[in-house]
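Working notes, beginning with the structure itself.
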Protein chains: 2
Amino acid sequence: MSTDEPRSARRRLSRDRIVDAALTSIEEHGVDQMSMRSLGRDLGVEAMALYRYVSGREDLLEAVVANLLNGFVERVEAAETTSWQEYLQHVAHEIRHIALANPTAFPLVVSRHPAAPWLRPPLRDIEMVEHVLATLCARGFTDDQAVDTYKAFTSFLVGSLLLEVSIKTENIAAVEEPMNEGSADIPEQDSSDDADLAQAPHVLRMRDRLSQDHSEAEFETGLESLLNRIEHTVSH
Amino acid sequence: MSTDEPRSARRRLSRDRIVDAALTSIEEHGVDQMSMRSLGRDLGVEAMALYRYVSGREDLLEAVVANLLNGFVERVEAAETTSWQEYLQHVAHEIRHIALANPTAFPLVVSRHPAAPWLRPPLRDIEMVEHVLATLCARGFTDDQAVDTYKAFTSFLVGSLLLEVSIKTENIAAVEEPMNEGSADIPEQDSSDDADLAQAPHVLRMRDRLSQDHSEAEFETGLESLLNRIEHTVSH
DNA sequence: ACCTGAACACCGTTCAAGT
DNA sequence: ACCTGAACACCGTTCAAGT
């Protein structure tokens with residue numbers, strides 16, 4: 001954008017720049033590795049400078065989550081869906097897209113304490129909750145039906161996606177490639193694994209199938225099944 | 001048990017005692033607050049002493065997770081179920097029981113890197129995975145059916161339970177009661193909340209219903225629906 | 001054999017001081 | 001107005017030393 005800047009540095013600080021850098025760092029090195037001090041280093045600044053823009057690490061993580069969800073409602077509204085089924089499908093895919101684009105940061109969405117703690121499940125963006133409830137009511141749901149649907153839907157969504165990203169990230173920030181340094185004198189490559197596996201013939205036999213990733217298809221199947229279930233209970 | 005001991009202290013260290021103390025501390029103050037040093041304090045010992053029994057903080061957290069799942073397979077086997085439906089119901093309730101008894105520690109089950117990384121979803125206890133697969137096969141499932149069932153089942157289980165415990169723990173280790181120290185001169189009790197809520201009439205209207213906790217019933221409904229779905233696909 | 005002290009390289013956060 | 005230096009109270013972890 002600008003003329004020249006050393007690394008990713010000093011164009012003057014701003015809250016947005018800090019939050020972006022935090023998200024990048026989280027996705028690259030894991031949330032534990034993202035410290036105020038490392039973030040300062042990334043931004044070419046001392047850690048203390050960040051406190052002008054965020055009130056602390058917790059606040060920064062909140063901001064990262066908010067940033068993740070940014071523009072969600074707008075994108076959903078732009079879709080112009082006709083049935084509530086189509087609407088919920090769209091919401092689900094939109095959030096799944098966010099989760100897959102930010103697999104390491106996504107769990108923060110559910111682990112950070114929510115804006116409205118009394119909301120169960122605690123999806124932290126009230127704007128989104130409001131949109132879902134309003135849409136369902138506009139499609140003829142009673143309040144009770146809307147609430148039940150909201151709960152079942154978010155449970156499914158959060159559950160599936162947390163699992164999916166936990167698969168996708170494996171373990172970022174774990175060991176970070178010590179690479180053995182070429183020295184190959186440690187015989188057992190992961191002793192406990194193979195020992196356990198010897199006791200688990202079925203796991204061993206189905207290993208190939210178990211390791212295949214069909215998250216996409218499973219997500220679609222689960223979602224459709226959920227919508228069918230809701231459809232059934234809504235029409236008594 | 002013994003004659004006298006100061007606080008919860010020095011009966012000589014052991015791996016089990018350390019792991020138990022860690023779990024207690026995690027449930028009481030949150031996983032972030034549980035440090036090697038605070039744990040040493042709890043056990044009446046210097047932090048460095050712990051390194052005789054655990055190889056580090058990560059190892060300790062692994063051990064906590066293993067401890068949580070301890071005896072699971074035995075309890076499931078003791079149940080003597082007759083159908084695969086009944087069996088999976090039992091497994092589900094057993095794990096739900098563990099999750100609710102250790103709501104703060106439970107998320108570690110899914111966030112720690114699994115023993116078999118290629119296993120999707122990565123339920124870290126191979127013994128348990130083996131038990132489920134073996135039982136399903138013994139009930140006449142083909143390998144493919146067993147794998148599909150395992151995946152759908154654990155997705156549902158982990159998803160539901162992560163959500164349920166995240167509701168139950170709200171935010172342990174957040175703020176930890178500053179209590180305002182009696183000084184009542186801050187007018188806004190949580191300004192952002194109410195501001196957001198003013199924009200969210202549906203959320204406001206359904207607030208009572210939304211805040212009610214029906215996790216138990218929702219869990220049962222979801223589980224039954226899942227078993228029905230499996231039943232249907234198994235019999236083509 | 002089991003634990004401790006001292007040390008190292010890190011944290012988050014505050015605050016007076018620099019420009 | 002925006003950033004830094006120094007400081008404080010913490011971390012995890014190692015290792016030589018004490019008993």
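Using a cutoff of 4.0 Å between basic side-chain nitrogens and carboxylate oxygens, B:R15 and B:D59 are scored as salt-bridged.
Partners of B:H131 according to the ring-ring contact (aromatic ring centres under 6.0 Å, His included) rule, which considers only residues two or more places apart in sequence or in another chain, are B:Y87. Considering only residues two or more places apart in sequence or on other chains, B:R205 meets the salt bridge (Lys or Arg N to Asp or Glu O under 4.0 Å) condition with A:D143. Remark: A:R41 engages A:R37, A:S38 in a side-chain contact (heavy atoms from CB on, under 4.5 Å) (not counting sequence neighbours). Taking A:A79 as the reference, A:T81, A:H90 meet the side-chain contact (heavy atoms from CB on, under 4.5 Å) condition, with sequence neighbours excluded. For A:R209, the salt bridge (Lys or Arg N to Asp or Glu O under 4.0 Å) test picks out B:D144, with sequence neighbours left out. Residues passing the side chain to side chain donor-acceptor pair (under 3.5 Å) test with A:S215 are A:D213, sequence neighbours excluded. A:F156 pairs by the ring-ring contact (aromatic ring centres under 6.0 Å, His included) definition with A:F219, not counting sequence neighbours.
In this structure, CG of A:L43 is placed 16 Å from P of D:dC2, rounded to the nearest angstrom. For the pair B:E46 CD and D:dA16 C1', the computed distance is 16 Å after rounding to whole Å. A straight line from OH of B:Y53 to C1' of C:dC2 spans 6 Å, rounded to a whole angstrom. Taking atom CG on A:L60 and atom P on C:dC11, their separation rounds to 15 Å, with Å as the unit. Between the P atom of D:dC10 and the CD atom of B:Q33 lies a distance of 11 Å, rounded to the nearest Å. Atom CG of B:D32 is separated from atom P of C:dC11 by 16 Å (rounded to the nearest Å).
The side-chain hydrogen bond (donor to acceptor under 3.5 Å, both in side chains) analysis of residues 45-55 of chain A, with sequence neighbours excluded, yields no pairs. Pairs of residues two or more places apart, or lying in two chains, that qualify as salt bridge (charged side-chain N to carboxylate O under 4.0 Å, His left out) and include a residue from residues 93-107 of chain B are B:R75-B:E94, B:R96-B:E164, B:R96-B:E216.
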What's touching nucleotides 13-15 of chain C from the protein side, N or O pairs under 3.5 Å?
residue : atom : partner : partner atom : Å
C:dT13  : OP2  : A:Y51   : OH           : 2.8
C:dT13  : OP2  : A:R57   : N            : 2.8
C:dT13  : O5'  : A:Y51   : OH           : 3.4

N/O to N/O distances under 3.5 Å, protein versus nucleotides 17-19 of chain D:
none

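Residue A:S35 places its side chain closer to C:dC11 than to any other of C:dC3, D:dG12, C:dC11.
Residue B:R41 places none of its side-chain N or O atoms closer than 4.0 Å to OP1 or OP2 of D:dC10.
Considering every non-hydrogen atom in both A:M34 and A:L39, the closest pair reads SD-CD2, 4.0 Å.
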Q. Could you write out DNA chain D as a dot-bracket string, with dots for unpaired bases, | for bases paired across to another strand, and Watson-Crick or G-U pairs counted at under 3.5 Å?
A. ||.|||||...|||||.||

